[in-house]
There are 2 protein chains.
Amino acid sequence: MDLFHALSDEGGRLSSLEAKLAQFALENVDFVVNSSIIELAERAGVSPPTVTRFCRRLGCQGYSDFKVQLAKMAYIGLRYLKPEAPTATAEEVAHDIISKAQNALFEVHRQLDLAVIEKAAQMLRAADFIQAFGASGNSAMIVNELHNRLFRLGCHINASNDHNMNLMISAAAQPGTVIFGSSYTGRDMGLVHCLELLRQRAIPTIVMTQNGSPVATAADLVIAIEMPEGKNIFRPTSTRYAYLAAIDILANMVAYADRNRAFKSLRSIKEELVRNRDGDDRQLLGD
Amino acid sequence: MDLFHALSDEGGRLSSLEAKLAQFALENVDFVVNSSIIELAERAGVSPPTVTRFCRRLGCQGYSDFKVQLAKMAYIGLRYLKPEAPTATAEEVAHDIISKAQNALFEVHRQLDLAVIEKAAQMLRAADFIQAFGASGNSAMIVNELHNRLFRLGCHINASNDHNMNLMISAAAQPGTVIFGSSYTGRDMGLVHCLELLRQRAIPTIVMTQNGSPVATAADLVIAIEMPEGKNIFRPTSTRYAYLAAIDILANMVAYADRNRAFKSLRSIKEELVRNRDGDDRQLLGD
DNA sequence: CTACCAATGAAAATGAATTTCACTGGATCG
DNA sequence: CGATCCAGTGAAATTCATTTTCATTGGTAG
């Protein structure tokens with residue numbers, strides 16, 4: 001299933017020649033994918049049976065299956081291994097940003113604890129009112145997005161990125177309110193203060209952040225996302241894609257938690273939009 | 001190279017059995033990818049040699065190569081064909097959202113005209129002031145994101161999603177100002193009015209939208225993005241990922257257009273953040 | 001009507017992948 | 001310290017998948 005991690009050999013389960021093969025495969029995906037077992041064996045300096053055993057140990061059916069899996073994987077997930085080359089041309093920048101974003105999506109899919117997402121969706125669904133806190137541009141985008149997705153479903157939600165305001169909101173929150181917080185780093189101390197206050201007041205909190213961070217510790221339910229950070233300061237982090245996907249999944253689960261309400265709400269928005277625009281039904285909910 | 005299009009057989013180059021095979025392959029990628037030529041032949045009701053010939057006609061080396069190509073393709077681009085099955089479990093939702101997002105990234109990478117991006121980057125770089133207009137949640141997110149990326153680079157930029165305000169801003173814009181607009185549908189008539197006004201006033205405009213749409217027609221430079229739309233009303237469109245990636249690439253090109261300025265600006269932001277937070281240098285620019 | 005050609009499958013031939021088996025070197029146990 | 005075992009490995013044999021060859025069919029053009 002997860003060939004990439006098998007190839008990375010974190011558990012050290014591979015023998016020395018197998019590790020050599022793994023490294024060779026990671027570095028020469030294209031070659032491997034287009035070669036016969038004999039060519040690969042020769043090039044990597046091992047015998048064909050060793051290659052077959054290697055494939056089996058990785059959880060594949062055999063060599064052909066390995067090639068297929070590798071080809072599937074090649075598009076995603078692989079580039080983490082390659083050192084971050086400073087890029088300059090538009091082609092390079094585009095390629096780099098796209099593949100990092102895809103990696104981030106791949107990673108978040110692997111990491112997301114769906115049981116936690118479902119729990120969070122239930123809490124949000126059941127809430128009388130949702131307050132979404134996130135600051136600093138990135139998390140602000142995330143909570144705005146949550147607002148954008150949830151108000152359509154008929155949820156009562158407010159998004160805010162003003163720390164002082166958040167503190168007042170936290171102090172005034174009524175039972176029935178659920179607070180959602182986002183922080184990539186988990187070190188948004190303004191958010192931590194709010195969460196502590198909310199815990200004292202027994203208002204339930206959900207956060208999307210790094211596990212083990214101050215924000216995570218201060219919250220009731222943690223949607224944990226850990227992303228490796230790039231080194232290129234000119235480049236925004238690809239973590240945003242991961243968070244955005246997590247929000248999408250969460251919002252979708254909220255919708256499914258009460259399809260009827262969501263459907264009715266979406267439908268009236270749609271009708272109103274169609275009436276007010278040019279009557280073209282193909283349009284999106286939101287531009 | 002482009003197996004997907006070959007399989008779609010637009011030119012009708014395939015014989016009847018081959019067309020049958022193509023359809024079967026598109027509908028049963030997983031089966032094909034995991035089967036031998038004999039199993040496939042049997043299941044599709046043809047003989048193995050026909051399968052081999054079919055693979056060759058599609059531009060592959062042979063059957064194994066075909067499987068590899070198909071596996072590569074399967075992750076991307078293919079799901080567009082499948083009717084959108086209503087999904088319900090968290091696993092299905094997560095998988096579907098992630099793969100759609102990855103498809104969107106793949107597509108935008110394929111479509112983006114990098115020459116246009118570079119042109120836009122030059123214009124934004126040279127501008128005294130940038131106004132970014134986008135409404136309806138999705139495009140609002142995009143222009144906020146552009147703001148978030150460009151202010152860091154030392155650009156003077158304002159993002160706005162208030163149509164009346166945008167109209168006033170357009171009427172008041174000075175030479176040296178560049179307007180950036182975003183609209184997924186290209187039918188944001190408020191934006192079109194602004195663009196028309198700006199054209200009269202000879203203020204340069206850049207838009208990110210669908211080619212051929214009213215918004216595109218009314219603008220000077222068009223960053224064209226066309227995304228197929230999903231049918232699931234509960235699901236937000238994956239177009240956001242494509243737009244976000246395009247913004248990332250654009251912002252990065254702006255940064256590279258004047259590295260020194262960008263570096264100095266980023267550096268002072270970073271210093272200030274480090275001073276004001278807990279001195280941990282690993283933190284991001286923005287949370 | 002005949003000859004040709006494209007499409008197809010059966011059978012043979014090829015060649016790749018896997019299994020078997022034997023060997024090696026290092027670890028373990030008495 | 002030596003005997004034994006075992007994991008790891010490759011050579012050779014085997015199996016099996018793939019491809020090629022060739023014959024057949026059905027349709028089409030002259």
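Atom CD of Glu42(B) is separated from atom P of dG9(C) by 13 Å (rounded to the nearest Å). Taking atom CZ on Phe66(B) and atom C1' on dT19(D), their separation rounds to 16 Å, with Å as the unit. When the P atom of dT18(D) is taken as reference, atom CG of Leu40(B) falls 9 Å away, rounded to whole Å. Distance Ile38(A) CD1 to dG10(D) C1': 14 Å, rounded to the nearest Å. Atom P of nucleotide dT18(C) and atom CZ of Arg57(A) are separated by 15 Å, given to the nearest angstrom. Note: CG (Asp65(A)) to C1' (dC16(D)) measures 16 Å, nearest angstrom. Following rounding to the nearest Å, Glu39(B) (CD) and dT18(D) (P) show an atom-to-atom distance of 9 Å. Per the geometry, OH belonging to Tyr63(A) stands 16 Å off P belonging to dT19(C), to the nearest Å.
Nearest-nucleotide positions on DNA chain C for Cys55(A) and Thr50(B) put Thr50(B) closer to the 5' end. Comparing Gln61(B) and Pro49(A) against DNA chain D, the residue whose closest nucleotide sits nearer the 5' end is Pro49(A).
Look at Thr52(B) and you'll find a side-chain N or O under 4.0 angstrom from OP1 or OP2 of dT19(D). Of the side-chain N and O atoms in Arg56(B), one or more sit less than 4.0 angstrom from OP1 or OP2 of dT20(D).
For the atom pair Arg110(A) CZ and Leu105(A) CG, the distance stands at 13.5 Å (nearest 0.5 Å). Here the CD-CG distance, from Glu118(A) to Leu250(A), works out to 10.5 Å after rounding to the nearest 0.5 Å.
The pair Glu18(B)-Arg57(B) counts as a salt bridge, with a side-chain nitrogen and a carboxylate oxygen less than 4.0 angstrom apart.
Ring planes of Phe54(B) and Phe66(B): perpendicular class, angle over 60° (limits at 30 and 60°).
Ranking dT19(D), dA16(C), dG10(D) by closeness to the Ser47(A) side chain, first place goes to dG10(D).
If you check distances only, the side chain of Arg53(B) does reach the base of dG9(C) with a donor-acceptor pair under 3.5 Å.
Here Val51(A) lies out of heavy-atom contact (under 4.0 Å) with every strand.
Cation-pi geometry between Arg43(A) and Phe24(A) is not satisfied (NZ or CZ under 6.0 Å from the ring centre, within 45° of the ring normal).
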